[in-house]
**Student:** 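Here it is, the structure, as structure tokens.
What you see is a predicted model; the values in this text were computed from it and never measured.
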Amino acid sequence: MFLRKVAGRVAALALAGAVALPVTAHAAEEVNLYTYRQPELMKPLLDAFTAESGITVNMVYDNKSLTERLKAEGENTPADLVITANAGRLVELVSEDLVQPVTSPALDAAVPAHLRDPEGRWYAITKRSRIVYASRERVPADTQITYEDLADPKWKGRICTRPLTHEYTIDLIASLIAKHGEAWTETWLKGFVANLARKPQGNDRGQISAVAQGVCDIAVGNTYYYGLMLANPEQKADAEMVRPTFPNQSGDGAHMNVTGAAVTKHAKHPENARKLIEFLVSPEAQAIYAAQNFEFPVVEGVPSDPVIAVFGNFTEDTLNVAEIGAHRPAAARLVDRSGAAG
């Protein structure tokens, strides 16, 4: 039923021909995409792009090794565009000199500055926040939580998290390094680990369920997993037993991460790749993608899917995700030294 809803939106888009960032049609043209995102998430968007532009999208999915693949292929790579599910991988592509800057006033106008590379080498196409999920029974509704508070002894034995080595956790730690420095963050990490109710394990949905089942009182997880659980009859009850809590709302705001796109350094169809990124940040495409994966649109004014409307408005951290990525190696070192990677 869910996929039928998405397909209906795609069909309506193709019939209406309504794309805010216009794409010029060229018969028999193509663009080659490497993506970390699952094909079922990308296909409705790519089909809509082809319907609008006449440009065929050839997609290769790999959730682990696209950076290594691009390095091995070098100038012979067929890839024109890469889409990643995490800012860290975008920064990795930049550091390995595997992508090129894009000149696009449309993209610069649509994507906020903190959600794109300062030199135009990648652009976010959706965003999500890493927040705290609190027990509705054991944590008072008016409890204010910050990321810094997670190391406070008042949470001792009360926190669940996925493995510290996971890229989502590394990015959160890297954001703290960017703000507070490496020495402060190492002390914070020790306090955070001391507060864990169990060894880091599982995925974000597992942490939400652990709070619902009383294993811990709060857990750290991405926002879109909550939407996925609410939409899953088998997981909805657990999701409804926790309260999504956006940290640092009286300060710098909730930590953000992104799904982003970059044109490869040796792209054979760079203009078509640029057009595809522009299409992906059009209001119509943003609505389709947000509905599929319960992520937040990056374009101002595009509504979130009704399932995650429960989050309401929140203050997001505007620290550029490129800066967060620059501190990922240091974050990984701190996790190694913590002895609690999971």
Side-chain angles (χ1 to χ4, degrees), residues 6-7 10 13-14 19 21-94 96-104 106-107 110-111 115-117 120-127 258-282 284-286 288-290 292-293 295 297-298:
V6 172
V10 175
L13 172 59
V19 178
L21 299 172
V23 181
T24 303
H26 292 283
E29 290 199 359
E30 65 179 6
V31 61
N32 298 318
L33 168 66
Y34 282 2
T35 178
Y36 284 97
R37 309 269 23 199
Q38 292 89 342
E40 61 269 23
L41 295 178
M42 297 303 307
K43 190 175 186 303
L45 290 161
L46 303 181
D47 287 349
F49 171 70
T50 298
E52 277 295 321
S53 66
I55 299 171
T56 298
V57 183
N58 305 309
M59 177 173 50
V60 171
Y61 166 69
D62 184 337
N63 68 349
K64 293 182 179 180
S65 58
L66 288 180
T67 298
E68 291 73 16
R69 181 170 183 157
L70 286 169
K71 287 169 65 176
E73 290 172 345
E75 295 183 6
N76 296 320
T77 182
D80 301 305
L81 183 70
V82 181
I83 291 179
T84 83
N86 180 265
R89 294 191 185 273
L90 292 166
V91 174
E92 181 181 71
L93 291 169
V94 170
E96 296 287 351
D97 193 27
L98 294 171
V99 294
Q100 61 176 287
V102 172
T103 300
S104 172
L107 285 173
V111 182
L115 300 177
R116 51 184 162 91
D117 178 71
R121 293 168 294 190
W122 55 262
Y123 289 84
I125 56 176
T126 59
K127 63 185 178 182
V258 301
T259 291
V263 178
T264 63
K265 182 177 181 179
H266 301 294
K268 310 303 186 296
H269 310 96
E271 287 301 301
N272 290 348
R274 174 186 58 77
K275 291 173 185 177
L276 178 52
I277 302 176
E278 290 179 344
F279 175 82
L280 291 173
V281 299
S282 69
E284 292 79 9
Q286 288 274 287
I288 293 169
Y289 201 7
Q292 286 180 278
N293 206 31
E295 293 190 318
V298 298

**Student:** State which residues pass salt bridge (charged side-chain N to carboxylate O under 4.0 Å, His left out) with Glu73; sequence neighbours excluded, sorted by chain then number.
**Tutor:**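 For Glu73, the residues satisfying salt bridge (charged side-chain N to carboxylate O under 4.0 Å, His left out) (neighbours in sequence not counted) are Arg69.
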
**Student:** Specify the closest pair of heavy atoms between Ile277 and Ala261, including all atoms of both residues, with the distance to one decimal.
**Tutor:**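 That closest heavy-atom pairing would be CG1-CB, 3.9 Å.
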
**Student:** Using side-chain heavy atoms (C-beta onward) and a distance below 4.5 Å, is Thr126 in contact with Asn293?
**Tutor:**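 Not touching, per the 4.5 Å side-chain cut-off.
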
**Student:** Checking Thr50 now: which residues fulfil side chain to side chain donor-acceptor pair (under 3.5 Å) with it, not counting sequence neighbours?
**Tutor:**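 Residues passing side chain to side chain donor-acceptor pair (under 3.5 Å) with Thr50: none at all.
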
**Student:** In the structure I gave you, are the side-chain heavy atoms of Leu46 and Leu276 within less than 4.5 Å of one another anywhere?
**Tutor:**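 Yes, close enough: below the 4.5 Å cut-off.
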
**Student:** Measuring only between side-chain heavy atoms, which start at C-beta, is Thr84 closer than 4.5 Å to Trp122?
**Tutor:**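 With C-beta onward as the side chain, the pair stays apart.
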
**Student:** For the atom pair NZ (Lys43) and CD (Gln38), what is the distance rounded to the nearest 0.5 Å?
**Tutor:**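 Here the interatomic distance stands at 15.5 Å.
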
**Student:** List for me each residue that meets salt bridge (charged side-chain N to carboxylate O under 4.0 Å, His left out) alongside Arg116, sequence neighbours excluded, and say none if there are none.
**Tutor:**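 Applying salt bridge (charged side-chain N to carboxylate O under 4.0 Å, His left out) to Arg116 gives Asp108.
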
**Student:** What verdict does the side chain to side chain contact (heavy atoms under 4.5 Å, CB included) test give for Tyr289 and Met42, after you've listed the backbone C-alpha separation in whole Å, the side-chain angles of each residue and the deciding distance to 0.1 Å?
**Tutor:** CA-CA 8 Å; Tyr289 201 7; Met42 297 303 307; 4.0 Å; yes

**Student:** Quick one, Tyr34 with Thr264, criterion side chain to side chain contact (heavy atoms under 4.5 Å, CB included). Give me CA distance, side-chain angles, the key distance, then yes/no.
**Tutor:** CA-CA 10 Å; Tyr34 282 2; Thr264 63; over 6 Å; no

**Student:** For residues Ala124 and Val298, report the shortest heavy-atom separation together with the two atoms involved.
**Tutor:**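 Of all heavy-atom pairs spanning Ala124 and Val298, the closest is O-CG2, 3.7 Å.
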
**Student:** Keeping to residues at least two apart or across chains, list the salt bridge (charged side-chain N to carboxylate O under 4.0 Å, His left out) pairs with something in residues 75-88.
**Tutor:**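 For residues 75-88, and leaving out neighbouring residues, there are no salt bridge (charged side-chain N to carboxylate O under 4.0 Å, His left out) pairs at all.
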
**Student:** For the backbone of Lys127 and the side chain of Glu295, can you confirm whether one donor and one acceptor N or O come within less than 3.5 Å of each other?
**Tutor:**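 No.
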
**Student:** With sequence neighbours left out, what residues match Arg121 under salt bridge (charged side-chain N to carboxylate O under 4.0 Å, His left out)?
**Tutor:**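 Counting only residues at least two positions away or on another chain, Arg121 forms a salt bridge (charged side-chain N to carboxylate O under 4.0 Å, His left out) with Asp117, Glu119.
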
**Student:** Hey, could you give me the CG/OG1 distance between Leu70 and Thr77, rounded to the nearest 0.5 Å?
**Tutor:**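 Reported value, rounded in 0.5 Å steps: 5.0 Å.
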
**Student:** Quick one: closest heavy-atom pair of Pro78 and Asn32, and the distance?
**Tutor:**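 Smallest interatomic distance, heavy atoms only, reads O-ND2, 3.0 Å.
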
**Student:** Show the nearest heavy-atom pair for residues Leu81 and Ala262, with the distance to one decimal.
**Tutor:**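 Distance-wise, the nearest heavy atoms are CD1-O, 3.2 Å.
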
**Student:** Set out, in order, the CA-CA distance, both residues' side-chain angles and the distance that settles side chain to side chain contact (heavy atoms under 4.5 Å, CB included) for Lys265 and Leu98, then state yes or no.
**Tutor:** CA-CA 5 Å; Lys265 182 177 181 179; Leu98 294 171; 5.5 Å; no

**Student:** Taking the side chain from Lys268 and the backbone from His266, do they hold a donor-acceptor pair closer than 3.5 Å?
**Tutor:**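 A pair under 3.5 Å: yes.
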
**Student:** In Å and rounded to the nearest 0.5 Å, what is the CD to CD1 distance from Glu30 to Ile55?
**Tutor:**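 Rounded to the nearest 0.5 Å, the CD-CD1 separation comes to 10.0 Å.
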
**Student:** Quick one: closest heavy-atom pair of Glu278 and Ser104, and the distance?
**Tutor:**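 Taking every non-hydrogen atom into account, OE2-OG, 2.6 Å.
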
**Student:** For Arg274 and Glu271, what are the C-alpha separation, side-chain angles and deciding distance, and is it a salt bridge (Lys or Arg N to Asp or Glu O under 4.0 Å)?
**Tutor:** CA-CA 5 Å; Arg274 174 186 58 77; Glu271 287 301 301; 2.7 Å; yes

**Student:** Heavy atoms, side chains only, cut-off 4.5 Å: are Arg37 and Tyr61 in contact?
**Tutor:**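 They are not in contact (no side-chain heavy atoms under 4.5 Å apart), so the answer is no.
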
**Student:** Which residues satisfy the salt bridge (charged side-chain N to carboxylate O under 4.0 Å, His left out) test with Lys71, sequence neighbours excluded?
**Tutor:**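 Lys71: salt bridge (charged side-chain N to carboxylate O under 4.0 Å, His left out) contacts with Glu96.
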
**Student:** Please report the closest heavy-atom contact between Phe49 and Val31, naming both atoms and the distance.
**Tutor:**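 Closest approach of Phe49 to Val31: CE2-CG1, 4.4 Å.
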
**Student:** With a 4.5 Å limit on heavy-atom distance, are the side chains of Thr67 and Leu93 in contact?
**Tutor:**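 Result yes, sub-4.5 Å side-chain heavy-atom pair found.
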
**Student:** If you define the side chain from C-beta out and look only at heavy atoms, does anything of Leu66 sit under 4.5 Å from Tyr36?
**Tutor:**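 Sidechains of Tyr36 and Leu66: in contact.
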
**Student:** Hey, which of Val111, Leu280, Leu90 is the one that makes side chain to side chain contact (heavy atoms under 4.5 Å, CB included) with Tyr123?
**Tutor:**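 Exactly one candidate clears the test, Val111.
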
**Student:** Does some side-chain heavy atom of His269 sit less than 4.5 Å from a side-chain heavy atom of Glu29?
**Tutor:**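 Not in contact.
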
**Student:** Taking the side chain as every heavy atom from C-beta outward, state whether Leu41 and Thr35 have any pair of such atoms under 4.5 Å apart.
**Tutor:**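 Sidechains of Thr35 and Leu41: no contact.
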
